[in-house]
Amino acid sequence: MTIHHTAIISPKAKIGANVEIGPNTIIYDNVEIGDNTIIGAFCEMGVANYLSKGVPLIIGKNSNIRSHSIFYEGSTFEEGLMTGHRVTVRELVKAGKNLQIGTLSDLQGHCEIGDYVRFHSNVHIGQHSKIGNFVWIFPYVVLTNDPHPPSNTMLGVTVEDYALIATMSVILPGAVIAEGCLIGAHSSVKGKTEKHSIYVGSPAKSVGPTSKIKLEDGSDAYPWTKHFKRGYPEDVIKNW
Amino acid sequence: MTIHHTAIISPKAKIGANVEIGPNTIIYDNVEIGDNTIIGAFCEMGVANYLSKGVPLIIGKNSNIRSHSIFYEGSTFEEGLMTGHRVTVRELVKAGKNLQIGTLSDLQGHCEIGDYVRFHSNVHIGQHSKIGNFVWIFPYVVLTNDPHPPSNTMLGVTVEDYALIATMSVILPGAVIAEGCLIGAHSSVKGKTEKHSIYVGSPAKSVGPTSKIKLEDGSDAYPWTKHFKRGYPEDVIKNW
Amino acid sequence: MTIHHTAIISPKAKIGANVEIGPNTIIYDNVEIGDNTIIGAFCEMGVANYLSKGVPLIIGKNSNIRSHSIFYEGSTFEEGLMTGHRVTVRELVKAGKNLQIGTLSDLQGHCEIGDYVRFHSNVHIGQHSKIGNFVWIFPYVVLTNDPHPPSNTMLGVTVEDYALIATMSVILPGAVIAEGCLIGAHSSVKGKTEKHSIYVGSPAKSVGPTSKIKLEDGSDAYPWTKHFKRGYPEDVIKNW
């Protein structure tokens with residue numbers, strides 16, 4: 001265990017074996033850090049909040065939280081969480097394994113995220129979002145939730161397995177991004193979508209099935225699992 | 001007064017009664033912090049700047065500045081300021097009471113903001129913006145100011161009382177968002193708007209009065225003050 | 001040399017003459033900081049990364065890195081770099097002189113940037129971007145690179161000399177923003193563009209030459225070098 005001498009660690013925090021904690025980082029009381037996890041400099045882990053109702057922040061083993069990140073208490077991440085810098089994660093996120101969260105991304109809490117999900121930089125995940133497995137969300141995408149802002153209704157977005165949302169798209173309250181869909185860059189999406197279809201524009205409309213998109217070598221670009229394997233564990237890839 | 005032992009506080013700063021200051025936070029010389037205010041970890045308050053012309057940073061009483069935030073000297077906030085994390089606020093902001101500034105928001109300074117205004121996450125307020133009372137601005141909205149970038153002309157945006165600007169909209173230089181207007185998500189707005197009207201698209205066009213939007217129970221969604229009261233003081237709500 | 005006593009400086013780092021380093025900032029091993037440079041509080045300079053292949057982070061003389069910024073090893077900046085706060089810069093950026101990088105901007109590395117370039121706040125520069133001289137990129141612009149996300153193809157964006165990209169535009173993979181082009185706010189651009197032309201919309205279309213845009217006084221707004229000189233050195237301006 002390598003904890004920098006300037007880090008401030010609550011004696012109540014549960015720190016696993018072989019954990020590294022960087023300079024100036026603060027670990028508050030209600031936190032469990034899994035084995036072999038690295039936490040960079042200037043982080044805050046387990047910020048207290050009454051909405052967390054005493055539930056701890058749990059970071060699974062083999063995780064890597066990069067510097068300047070802030071996690072509230074009350075969220076759970078399975079093993080292999082990897083973040084960029086300056087990530088902000090509020091309470092009551094329930095996330096599967098091998099989640100990646102890019103630099104500057106902001107998870108507003110109260111949401112569910114499956115396994116092997118990838119958020120690129122500066123993604124905003126509104127409360128009550130439900131995100132499946134193997135989903136990709138690209139930079140500056142916002143998942144919203146309030147149909148009549150400001151209101152007391154929270155109508156979260158659903159993103160199903162293998163779906164992809166490209167850069168700077170807005171997903172409107174209650175929208176459902178169906179399995180394998182591709183939302184083009186700079187779109188805004190309302191309502192339901194058809195599986196494995198491409199949607200572009202604002203408001204977004206279907207422009208056909210994802211199967212029509214080809215790679216440079218003429219092979220199918222989608223499902224992307226046929227050709228893209230970087231960062232996924234061997235036992236996952238072998239089933240693709 | 002609870003000041004963490006790692007905080008760096010200038011002896012010239014004026015710190016009110018019952019103020020909390022978190023780990024590693026820096027309070028520079030030219031700062032006045034009101035009573036009962038909380039300042040989180042890793043903040044910088046009162047960054048010196050020649051554009052501030054020696055005017056102090058004044059934070060009103062009963063405020064809560066969350067961690068990793070940066071405020072320059074030269075701005076004034078009345079009581080009850082509440083911020084998310086990583087907020088950046090430049091010089092010469094003049095803001096009323098009960099302002100909320102969401103995580104990652106960036107106020108470029110040289111602007112006026114009324115009372116009870118709410119900025120959600122990652123809002124960018126360009127210089128020379130004039131924002132009324134009870135305004136709502138949602139994530140990834142940018143208020144611009146340069147009609148011929150780059151130029152020496154600063155033509156700020158005006159947002160009147162009770163107006164709402166939804167996620168990822170751009171308000172172009174000199175535009176006026178009239179009282180009670182609703183700007184739909186992913187829009188770009190130029191010129192003047194009519195009061196209590198809905199504008200959507202890029203360029204945004206009017207699609208009718210806000211009075212046509214209903215809540216789930218069939219009641220009027222706007223004016224939103226009829227049904228949304230969260231976070232406003234009792235004496236404000238009783239007048240709605 | 002003024003180094004705050006809370007800063008953590010590797011003895012292996014090469015620090016020039018008359019350098020200022022702020023509170024809590026960390027300078028890692030593989031870093032060269034030029035003379036007369038200021039580095040604010042809470043920064044990390046020279047974050048180690050296997051992709052940097054041992055190449056140092058080199059910051060030219062007379063630079064000003066504002067607080068909360070993070071630079072990886074492996075990038076080179078010529079003299080006069082100026083940044084806002086919370087800038088993130090990954091490995092293998094090769095940048096010319098007098099670069100400005102606004103608050104919250106995120107350079108993903110593996111890119112080339114010319115001289116006298118200005119990035120405003122919250123700009124995202126994807127890997128394999130090639131940016132010329134005297135380019136302006138405004139807030140919330142994203143330069144992308146993956147034509148079939150997620151794929152192993154990296155098709156960076158090219159931005160030629162004197163081009164301008166206005167707020168919240170997305171530049172799609174492989175697009176070329178030609179010399180002196182103006183991309184209007186809230187646009188998305190694909191493919192090639194004509195020199196000194198205006199493009200707006202999503203997808204963006206040409207709406208004529210930049211020469212048709214006039215300033216308030218009736219003079220030409222473009223080329224902008226005729227009327228805008230703020231922050232450029234005298235010996236540069238005299239050639240405009």
Side-chain angles (χ1 to χ4, degrees), chain A residues 4-6 22-24 40-42 66-68 84-86 100 102-105 118 120-122 134-141 162 164-169 182-188 200-202 204 210 213-217 219-232, chain C residues 6-8 23-26 28 41-44 47-49 67-72 85-90 104-108 122-126 139-153 155 168-175 186-190 201-204:
Chain A
H4 196 271
H5 67 90
T6 58
N24 301 306
F42 304 111
R66 288 202 174 79
S67 67
H68 288 258
H85 304 277
R86 311 179 205 288
Q100 293 183 1
T103 289
L104 287 169
S105 289
R118 304 277 181 267
H120 208 291
S121 297
N122 216 332
F134 298 99
V135 164
W136 281 84
I137 301 186
F138 291 93
Y140 293 61
V141 165
Y162 300 100
L164 309 126
I165 306 175
T167 298
M168 212 174 284
S169 289
L182 170 61
I183 308 302
H186 218 250
S187 299
S188 71
V200 297
S202 183
T210 57
I213 303 179
K214 305 297 175 189
L215 295 178
E216 291 71 20
D217 65 5
S219 63
D220 288 350
Y222 301 97
W224 56 268
T225 46
K226 293 300 178 198
H227 62 86
F228 190 84
K229 306 175 192 289
R230 193 169 63 223
Y232 296 94
Chain C
T6 58
I8 300 171
N24 301 306
T25 279
I26 305 170
Y28 296 103
F42 305 111
C43 290
E44 289 181 280
V47 176
N49 187 281
S67 67
H68 288 260
S69 291
I70 302 170
F71 282 70
Y72 278 57
H85 304 276
R86 312 179 203 291
V87 157
T88 312
V89 179
R90 292 282 308 257
L104 286 169
S105 288
D106 180 5
L107 280 64
Q108 302 260 300
N122 216 333
V123 159
H124 179 101
I125 306 295
Y140 294 62
V141 165
V142 178
L143 307 190
T144 67
N145 60 25
D146 186 347
H148 308 300
S151 81
N152 294 304
T153 303
L155 201 56
M168 212 173 284
S169 288
V170 180
I171 312 303
L172 294 168
H186 218 249
S187 300
S188 72
V189 183
K190 200 172 177 171
S202 183

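- For the options A:Ser202, A:Ala41, A:Ser67, heavy-atom pairs under 4.5 Å to chain C are most numerous at A:Ser67.
- If you measure heavy-atom distances from C:Ile70 to chain A, the contacts under 4.5 Å come from both the backbone and the side chain.
- The parts of A:His186 that come within reach of chain C are both its backbone and its side chain, each placing non-hydrogen atoms under 4.5 angstrom from that chain.
- Interatomic distance, A:Thr167 OG1 to C:His124 NE2, rounded to the nearest 0.5 Å: 7.0 Å.
- Heavy atoms of C:Pro147 lying under 4.5 Å from chain A belong exclusively to its side chain.
- Only the backbone of C:Ser169 comes within less than 4.5 Å of a heavy atom in chain A; its side chain stays farther off.
- In this model, no donor atom of one side chain and acceptor atom of the other lie less than 3.5 Å apart for A:Thr103 and C:Asp106.
- In this structure, the separation between CG on C:Asp146 and CZ on A:Phe228 is 7.5 Å, given to the nearest 0.5 Å.
- For the pair A:Leu215/C:Thr153, no side-chain contact is recorded, criterion being any heavy-atom separation below 4.5 Å from C-beta on.
- At a threshold of 4.5 Å between non-hydrogen side-chain atoms, the residues A:Phe138 and C:Pro149 count as touching.
- For a residue to count as touching a neighbouring chain, one of its non-hydrogen atoms must lie under 4.5 Å from one of that chain's; by this rule C:Leu172 touches chain A with the side chain only.
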Pair C:Ser188-A:Met168, side-chain contact (heavy atoms from CB on, under 4.5 Å): steps then yes or no: CA-CA 10 Å; C:Ser188 72; A:Met168 212 174 284; over 6 Å; no
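- Taking 4.5 Å as the limit, every side-chain heavy atom of C:Phe42 sits out of range of all side-chain heavy atoms of A:Asn24.
- Side-chain atoms of C:Ser151 and A:Glu216 form no donor-acceptor pair, as typed in the model, at a separation below 3.5 Å.
- Residues C:His148 and A:Trp224 are not in side-chain contact: their nearest non-hydrogen atoms beyond the backbone lie 4.5 Å or more apart.
- Taking the six-membered ring for Trp and the full ring otherwise, A:His85 and C:Tyr72 have centroids separated by under 6.0 Å.
- A:Lys229 NZ: more than 12 foreign heavy atoms inside a 6.0 Å radius.
- Note that OG of C:Ser105 and CG of A:Asn122 are 10.0 Å apart. Values are rounded to the nearest 0.5 Å.
- At least one donor-acceptor pair closer than 3.5 Å links the side chain of A:Arg86 to the backbone N or O of C:His68.
- Considering every non-hydrogen atom in both C:Val123 and A:Tyr140, the closest pair reads C-OH, 3.9 Å.
- Of the two parts of C:Thr144, only the side chain, counted from C-beta on, holds a non-hydrogen atom closer than 4.5 Å to a non-hydrogen atom of chain A.
- Using a 4.5 Å cut-off between heavy atoms, A:Lys214 touches chain C through its backbone atoms (N, CA, C, O) alone.
- In terms of heavy-atom pairs under 4.5 Å with chain C, the best-connected choice from A:Pro139, A:Ser121, A:Gly84 is A:Ser121.
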